[in-house]
There are 2 protein chains.
Amino acid sequence: MPIKANNPGLKSWLDVSPDSDFPIQNIPFGVFLTRDDVITIGTRIGDYAIDLAAMHQLGYFEGIPLTDDIFLQDTLNDFISDGKKTWRLVRDKISDVFEADNPSLRDNKEHRDIILFTLDEIEMKLPVYIGDYTDFYSSREHATNVGKMFRDPENALLPNWLHIPVGYHGRSSTIVTTDIPIHRPKGQTMPKGADAPVFGPSKMVDFELEMAFITTDANSMGESIPVDDAEDYIFGLVLLNDWSARDIQKWEYVPLGPFLAKNFASCISPWIVTLDALQPFKVDSPAQKPAPLPYLQYSGQKSYDVHLEVAIQPENAAESVVARSNFKYMYWTMAQQLAHHTVNGCEINSGDLMGSGTISGETPDSFGSMLELAWQGTKPISLENGETRTSIQDQDTVIMRGYCLGDGYKIGFGEVRTQLLPPLA
Amino acid sequence: MPIKANNPGLKSWLDVSPDSDFPIQNIPFGVFLTRDDVITIGTRIGDYAIDLAAMHQLGYFEGIPLTDDIFLQDTLNDFISDGKKTWRLVRDKISDVFEADNPSLRDNKEHRDIILFTLDEIEMKLPVYIGDYTDFYSSREHATNVGKMFRDPENALLPNWLHIPVGYHGRSSTIVTTDIPIHRPKGQTMPKGADAPVFGPSKMVDFELEMAFITTDANSMGESIPVDDAEDYIFGLVLLNDWSARDIQKWEYVPLGPFLAKNFASCISPWIVTLDALQPFKVDSPAQKPAPLPYLQYSGQKSYDVHLEVAIQPENAAESVVARSNFKYMYWTMAQQLAHHTVNGCEINSGDLMGSGTISGETPDSFGSMLELAWQGTKPISLENGETRTSIQDQDTVIMRGYCLGDGYKIGFGEVRTQLLPPLA
């Protein structure tokens with residue numbers, strides 16, 4: 001059944017620039033602080049933020065089974081717990097209310113004044129409380145690049161990589177949204193040729209270009225989710241910058257994986273674009289050889305054509321796009337990741353965040369980290385202002401963007417933008 | 001300043017058996033469901049559970065700055081956020097109210113009927129909401145044993161191990177408390193000599209004997225906690241059984257660490273024994289050579305003499321103690337773990353759980369996992385009923401206990417008891 005709100009012919013009575021990430025076909029969900037210092041759940045069309053709590057109070061969601069305070073919360077977790085049927089009803093209703101020919105809100109100035117905000121009137125917040133954060137490692141090109149650099153160029157992929165969507169647990173407490181500066185981490189590193197580690201600020205701070213999906217309550221302990229049902233438990237996606245300190249990582253990560261190299265900060269874009277909104281952009285996945293075990297074999301298309309880019313903006317300078325990649329390059333799909341994650345009975349809850357791992361393509365300009373782009377420092381990246389980079393410098397801002405290209409419209413993710421500050425004293 | 005409630009001479013007007021884990025000097029904190037189906041925060045003396053919400057409502061904490069509903073909650077997180085000064089005031093007041101000569105509650109039957117429960121009237125719940133769970137790997141003997149078995153017997157310890165309290169992130173959603181059965185996990189393994197992985201129930205389910213500490217809000221993103229302040233942010237400790245599926249672990253863990261091998265279940269004891277209650281049991285730590293980097297160097301004693309044991313109980317049979325160890329064997333202290341965890345600015349919150357890693361001693365009967373006790377299956381462990389084990393079988397119950405021995409009294413942790421059931425269909 002086609003999803004009503006995805007109809008490419010729809011126009012809104014709100015002004016939407018043709019290159020906006022947020023046409024009426026998008027209808028993402030987020031949390032923001034309003035001019036009245038109230039936290040609310042909302043959506044966005046063009047450059048307007050829409051207060052869903054106010055819409056609900058004014059009766060626009062009549063007929064949809066929602067608790068009174070479902071949108072008057074500081075996270076989306078409870079709404080996400082309501083499940084896919086409710087998400088669709090709400091998204092369709094929003095689409096209907098803002099459709100060009102619907103006068104109900106369009107012609108009601110009093111309601112518009114309560115419901116609509118311009119972007120400078122709001123401050124975006126983290127959209128969910130993240131109970132657990134998992135990060136996968138699902139780009140074959142990224143895993144191969146890392147294997148070539150750190151292990152054996154001839155056997156870059158480890159033996160388990162083509163059989164398992166390899167993943168590990170990350171830290172929830174340091175996940176923040178866009179426009180929140182972070183600090184360069186300090187830590188232990190082992191300099192080349194040294195016989196003892198040293199302590200100090202990391203000298204190799206890097207971004208990782210990722211996408212991440214957000215789940216609803218999926219199972220109880222002991223239960224597994226079949227791969228072909230997995231997408232029913234995915235609410236939507238965001239962009240993820242998985243900040244990494246390469247020198248700390250190199251020294252600490254054997255045998256239990258990255259820890260302090262990653263948990264100083266991870267940043268996500270504030271608007272969750274629903275999996276429903278991404279349905280028109282489904283594409284085939286890379287062929288999987290050898291065939292994965294049966295619990296990872298799925299039917300239909302489960303990859304998504306999302307254009308991605310990373311820019312670096314030095315202080316007081318223009319930004320330079322340093323990488324262009326695509327979410328469709330991922331070898332393992334989200335459905336496979338979620339089926340694998342639960343095959344042992346691991347419980348998944350509303351608001352859990354699951355990162356893709358760095359998304360690299362085949363060409364050097366599509367690599368999703370400075371580690372790969374500058375090939376371990378051997379190929380410095382040139383910026384528009386004449387400077388070069390092999391890693392991120394203090395005061396640099398890293399910007400990630402993502403969008404799908406429809407026929408005459410875009411479904412975009414906005415951006416996640418983070419400035420790196422020096423370490424705290 | 002000595003902690004009043006720790007006075008070894010105190011006696012309670014409640015009956016306490018001399019070998020109880022919970023004399024009046026303990027006063028742990030937990031969460032339980034009462035006979036009236038109410039969830040409350042409580043403590044325990046002897047075999048009585050004490051409803052702290054009821055005590056508070058009846059005025060017993062007058063003079064201590066506490067919000068009205070601080071104990072009428074389903075987790076201890078808010079109380080833990082109140083900080084060390086408040087924990088001490090509350091613990092001292094409980095000690096005072098239950099001290100043998102204090103008639104206020106002792107002689108008030110009406111209040112006693114509201115405040116006191118026998119253990120069969122309550123059901124213990126998970127004591128905290130765990131935002132983030134970190135597991136360390138801090139026993140030198142355990143790391144050495146694992147290194148000998150899986151890597152190089154001549155260089156069993158990895159190069160970073162003596163410099164870094166190695167740790168990794170675990171999964172919060174599958175941490176449960178005592179008396180909750182779990183299911184054997186299914187997953188991928190690579191059988192010896194096979195050229196492709198297979199899928200099925202794990203054939204090597206194991207326990208790991210650990211302790212874990214629970215933190216209060218310690219810092220904001222970017223800030224670090226100095227090692228000599230770290231214990232101020234530790235509320236207390238529990239026993240932790242970090243269930244592990246060794247065959248799944250072996251195939252999945254390179255390069256990002258254990259994932260599905262661990263996240264099917266981890267179990268903690270329900271009563272949090274405060275760090276204050278453990279002060280009389282501080283001891284010296286193992287010598288650290290080479291000296292760690294300055295941010296990990298501390299003054300004073302920061303190890304704790306906690307006797308630990310693990311028993312296996314087959315279905316319808318008596319239990320057999322299979323290992324006896326001690327928390328004081330840990331090479332890295334909790335203070336060092338917390339200082340290391342935050343040295344990069346990682347934010348620590350109230351209710352975070354940090355496991356020690358498997359606690360093994362020097363002798364084979366003190367090893368903290370079946371992997372080590374049965375040395376990779378080569379030395380089966382004999383049970384009292386004549387059976388042997390190299391790993392945990394379906395229907396087996398694993399029981400962990402811990403206690404400190406004072407002069408004429410014990411400060412104990414009770415137990416964490418978990419039955420392993422077959423996989424769900």
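In what follows, every heavy atom counts, from backbone to side chain, and hydrogens, waters and symmetry copies are set aside. So you know, we letter chains A, B, ... as the sequences are listed, proteins then strands, and number each from 1.
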What I'd like to find out is whether the side chain of [X] reaches to under 4.5 Å of the side chain of [Y], using heavy atoms alone.
X	Y	answer
B:Phe199	A:Pro294	no
A:Tyr168	B:Tyr168	no
B:Arg171	A:Thr134	yes
A:Trp251	B:Ile164	yes
B:Pro159	A:Met190	no
B:Lys186	A:Asn344	no

Does atom CG of B:Asp195 have more than 12 heavy-atom neighbours, drawn from other residues, nucleotides or ligands, at distances under 6.0 Å?
no
Which pair of heavy atoms, one from [X] and one from [Y], lies closest together, and at what distance?
X	Y	result
B:Pro255	A:Tyr137	CG-CE2, 4.3 Å
A:Gln188	B:Leu296	NE2-CD1, 3.8 Å
A:Asn160	B:Glu252	ND2-O, 3.5 Å

Check whether [X] gets within reach of chain B through its side chain, its backbone, both or neither, counting any heavy atom under 4.5 Å.
X	value
A:Val176	side chain
A:Ala265	both
A:Phe150	neither
A:Pro290	neither
A:Arg151	side chain
A:Leu158	side chain

Centroid-centroid under 6.0 Å between A:His341 and B:Phe259 rings
yes
So which part of [X] gets closer than 4.5 Å to some heavy atom of chain A, the side chain, the backbone, both or neither?
X	value
B:Asp352	side chain
B:Leu293	side chain
B:Leu256	both

Can you tell which of [options] has the highest number of heavy-atom pairs within less than 4.5 Å of chain B?
options	result
A:Gly222, A:Pro185, A:Pro258, A:Gly170	A:Gly170
A:Val343, A:Ile348, A:Asn263	A:Asn263
A:Asp132, A:Thr174, A:Leu424	A:Asp132

Looking at [options], which one has more heavy-atom pairs under 4.5 Å with chain A than the rest?
options	answer
B:Ala261, B:Pro197, B:Ala425	B:Pro197
B:Gly131, B:Ala196, B:Ser202, B:Ser172	B:Ser172
B:Glu223, B:Arg184, B:Glu347	B:Glu347

Is the backbone of B:Ser173 close enough, under 3.5 Å, to the side chain of A:Asn349 for a donor and an acceptor to pair up by distance?
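Checking the backbone N and O of B:Ser173 against the side chain of A:Asn349, no donor-acceptor pair under 3.5 Å is found.
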